[in-house]
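Here the structure comes first, spelled out in structure tokens, and everything after it is commentary.
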Number of protein chains: 2
Amino acid sequence: MNDRPRPWTMQQIAEAAGVSVTTVSHTLSGKRPVHPDTALRINRLIDEHGYVPDAGARRLKSGRSQVIGLAVPDISHWYFGRIARGVEEMANEHDHGLIIASTSNSDPRREKRYFNMLRTRAIDGLVYTASREIKPTDELVSMASSPAPIVLADEDIEELEGLPSVTSTNYSGARDLGRHVRSLGHTKAVIIAGFPGLHSTVQRMRGIRESFPNALAIHGDFEIRSGYELMSDLIAHEVKFTAVFACNDFMAIGAMRRLWEEGLRVPEDVSVVGFDDVDMASVVTPGLTTVRQDMLEIGRQSAKLLLDGLAAGSMEGIGSVRLPVELVLRGTTGPVAD
Amino acid sequence: MNDRPRPWTMQQIAEAAGVSVTTVSHTLSGKRPVHPDTALRINRLIDEHGYVPDAGARRLKSGRSQVIGLAVPDISHWYFGRIARGVEEMANEHDHGLIIASTSNSDPRREKRYFNMLRTRAIDGLVYTASREIKPTDELVSMASSPAPIVLADEDIEELEGLPSVTSTNYSGARDLGRHVRSLGHTKAVIIAGFPGLHSTVQRMRGIRESFPNALAIHGDFEIRSGYELMSDLIAHEVKFTAVFACNDFMAIGAMRRLWEEGLRVPEDVSVVGFDDVDMASVVTPGLTTVRQDMLEIGRQSAKLLLDGLAAGSMEGIGSVRLPVELVLRGTTGPVAD
DNA sequence: CTGAAAGCGCTTACAG
DNA sequence: CTGAAAGCGCTTACAG
């Protein structure tokens, strides 16, 4: 079926060098001394033929594939792309490959594939980034208790408490944002929140409500369009507010666009804030006040925890990590109009 | 080192079912008939213990890993994220895994890793997306002649003519854009181009110059900041123009921002166009006139070509693909001011 | 400093 | 419809 020339095997290198495969293997691994002359001869052959040991055979003996997996809802999304980049960087630094798999909103068939990969040892461990819908499959839940080599990135999951996780300090970030807006004199605020089931959404709402206990909350799906449409609803219902908290920047930007179409000025008539600090946040006019999350670092740390556990031989004793966030003041927040 | 419980082997399933591993293997593969009762018994055991055949052992025999690789400069970038998503979708539809690797601007050490993966058969094939710098390593060049199972996505490379590629019709897209702007009466245009070495940049410049033969061209790095700074330079040098062609949307948006700061109105004073149609293009004010590329489809088709070649056992006879683009007229282009 | 041999967990002719 | 056995390409005790 495949007529590509088969690459050289260790056996062939050994024959060409007039030694045993044992010696070639040890020349490669350095796990026992090899006579310099012999080593030189072998290394010449290796270079000459571009020999590389077969990954599968190696794994069959060692039991480790040197590959970790990353499950994300959508790799093409800015947010998950940053996480992926971080995971990939860390994996690379530790000489591991990265298998990426879109869960595309928790298609259970797809998810099953990743856990199977884990079981077939195609991957040694998994960084799992919760989909928007957040209902872990039974499979995941059952693995969580093992404890399997799985780390949750970006989002904690109730049912998966046994697993280490890396998340932002959503609560305190939102609290700072709330205080900032409150300090500008605002009292009537609305929250364009994320999926109600997400930990991060719950935390951010709690943070905001510390300053705005009665803020009206409506839920969107984190996309620009969603912010736009929810703002349309608020306007249609003649809801009164002077400040808008969106649970991410995209929804904030969608809302801003709708306000602009309505002839409402930001921040003169309405203050708007987001969460994340995406690229776009500094490009829209005026620049968006928001909270910066370090998604790259979330990815890096998640991979780190996983690789640490793998190296230790067990996830036992691997703790979770909370990463700080940073308030970024730009042009969309201003004193309340009187 | 690793004290996770070892999963069941086929041998153990066979013993528990009172049959040989041969029969278990055939029950799994369906490559020869198995008595229904026997099959039932085996399948029960398999389900019960969540048995999955070891990927490495399987590959050792079959010679195929069922995993393809994707090399991109930066997975967290919108542009490459879309490609990755497409590749992943197609791989998934063909029951293949996807190993992602950032080339991070052609770090030669990293690139070497991917070609090694190819050689160790950790991956069966590679979708290669050219970095911005575009100087393929000798390694890649030597593989291109094999022909190795490699497909170029998004960008053609001179030295790698032997490899199949999937790209947009950059020339005709830029030509349409040029004609559109020309038809609005503009005669003085500048081009904020991409890296001079990229095929796509060359093609787009050619397309624009069909309508604006004398357009001044300066080169940027495709980022927002770059468009902003190049526009600053043009302004500082008091270059006269009424239209700006940017080789991608990000640079167009950066340029718009700088024009806005300068008090120049778009499109009343200056018309601006981009290329790509990124999310942001429809969100900025006014909406950006651009050319839509289907990056997802570029990813999908690239993977398709690769998988086709893999299935056929050879890349011999796998052709290249050119995907159409679409002119998207929004608010940044208008009649030339008189 | 080196080698013969067992074995990792599968697949697949070969034989019945 | 089923099984014994060879072998994929390595690693690693064991022996010298």
Side-chain angles (χ1 to χ4, degrees), chain A residues 1-2 4-43 45-46 49-66 116-122 124, chain B residues 1-2 4-43 45-46 49-66 116-122 124:
Chain A
M1 177 134 141
N2 195 317
R4 274 198 285 151
R6 292 197 73 86
W8 277 53
T9 65
M10 185 177 281
Q11 178 62 46
Q12 290 172 289
I13 297 284
E15 276 166 22
V19 297
S20 71
V21 289
T22 309
T23 299
V24 177
S25 178
H26 283 108
T27 307
L28 242 25
S29 69
K31 288 192 181 170
R32 93 180 180 189
V34 175
H35 189 95
D37 292 353
T38 317
L40 187 64
R41 200 147 25 95
I42 292 172
N43 282 321
L45 253 359
I46 286 175
H49 298 97
Y51 169 76
V52 198
D54 182 278
R58 196 164 229 184
R59 207 196 58 49
L60 194 52
K61 286 299 293 183
S62 73
R64 294 275 304 269
S65 66
Q66 299 272 102
N116 278 348
M117 289 203 285
L118 212 48
R119 286 206 298 241
T120 63
R121 280 131 296 155
D124 294 335
Chain B
M1 176 135 143
N2 194 315
R4 276 197 288 149
R6 292 197 72 86
W8 277 53
T9 65
M10 186 178 282
Q11 178 63 46
Q12 291 172 290
I13 297 285
E15 275 166 21
V19 297
S20 70
V21 290
T22 309
T23 299
V24 176
S25 179
H26 284 107
T27 307
L28 241 25
S29 69
K31 287 190 182 173
R32 91 180 181 190
V34 174
H35 189 96
D37 291 354
T38 315
L40 186 65
R41 200 148 24 96
I42 292 171
N43 281 322
L45 253 358
I46 286 176
H49 298 97
Y51 168 77
V52 200
D54 182 278
R58 196 166 229 180
R59 208 196 57 50
L60 194 53
K61 286 298 293 181
S62 71
R64 293 275 305 269
S65 66
Q66 299 273 101
N116 277 348
M117 289 204 284
L118 212 48
R119 287 207 297 242
T120 62
R121 280 130 296 157
D124 293 334

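Here is how names work: the chains are called A, B, and so on, in the same order as the sequence lines, proteins then strands, and each is numbered from 1. All figures in this text were calculated on a predicted structure; none of them were measured in a lab. Values below: every heavy atom of this structure, side chains too, minus hydrogens, waters and symmetry copies.
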Sub-3.5 Å donor-acceptor pair from the side chain of A:E15 to the main-chain atoms of A:Q12, do we have one?
->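 No; judged by distance alone, with no hydrogens or angles, the pair does not exist.
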Expected output: side-chain B:S29 to main-chain B:S25 donor-acceptor under 3.5 Å |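 At least one qualifying donor-acceptor pair exists.
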d([atom1], [X]; [atom2], [N]) in whole Å:
X     : N      : atom1 : atom2 : result
B:Q11 : C:dC10 : CD    : P     : 9 Å
B:L60 : C:dT12 : CG    : P     : 12 Å
B:R59 : D:dC8  : CZ    : P     : 13 Å
B:W8  : C:dC8  : CH2   : C1'   : 19 Å
B:I42 : D:dC1  : CD1   : C1'   : 12 Å
B:Q66 : C:dT11 : CD    : C1'   : 14 Å
A:L40 : C:dC1  : CG    : C1'   : 16 Å

Describe the nucleic acid contact of A:S25 in one word from base, sugar-phosphate, nothing, applying a heavy-atom distance below 4.0 Å.
->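 Base contact.
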Do [X] and [Y] come within less than 4.5 Å of each other through their side chains, counting heavy atoms only?
X     : Y     : value
A:L45 : A:Y51 : no
B:T22 : B:R32 : yes
A:D54 : B:R59 : yes
A:T27 : A:T38 : no

For B:A57 and for A:R58, find the nucleotide of DNA chain D with the closest heavy atom, then tell me which residue's nucleotide is more 5'.
->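 Taking each residue's closest nucleotide, the earlier one in sequence belongs to B:A57.
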For DNA chain D, whose closest nucleotide is more 5', that of B:V21 or that of A:K61?
->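 In this pair, the answer is B:V21.
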Among [options], which nucleotide has an atom closest to any side-chain atom of [X]?
X     : options              : answer
A:M10 : D:dG3, C:dT2, D:dC10 : D:dC10
A:D54 : D:dC10, C:dC1, D:dT2 : D:dC10
A:S20 : D:dC1, D:dA4, C:dG3  : C:dG3

Least distance between heavy atoms, A:R64 atom then A:D124 atom =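 The answer is NE-OD2, 3.2 Å.
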Just the table, please: protein N/O against nucleotides 13-16 of chain C N/O, every pair under 3.5 Å.
none

So what's C:dA4 paired with, Watson-Crick or G-U wobble, going by both distances under 3.5 Å?
->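 Partner of C:dA4: none found under 3.5 Å.
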What does C:dA13 pair with, Watson-Crick or G-U, if both distances are under 3.5 Å?
->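 Paired with C:dA13, as far as the under-3.5 Å criterion goes, is no nucleotide at all.
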Look at the side-chain N and O atoms of [X] and state whether any lies under 4.0 Å from the OP1 or OP2 oxygen of [N].
X     : N      : result
A:K31 : D:dT11 : no
A:T38 : C:dT2  : yes
A:Y51 : D:dC10 : yes

For C:dG16 versus C:dT12, give the span between their C1' atoms, rounded off to a whole number of Å.
->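 Straight-line distance between the two C1' atoms is 16 Å.
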Under the side-chain contact (heavy atoms from CB on, under 4.5 Å) rule, what do A:V19 and A:V34 come out as? Steps first, then yes or no, please.
-> CA-CA 11 Å; A:V19 297; A:V34 175; over 6 Å; no
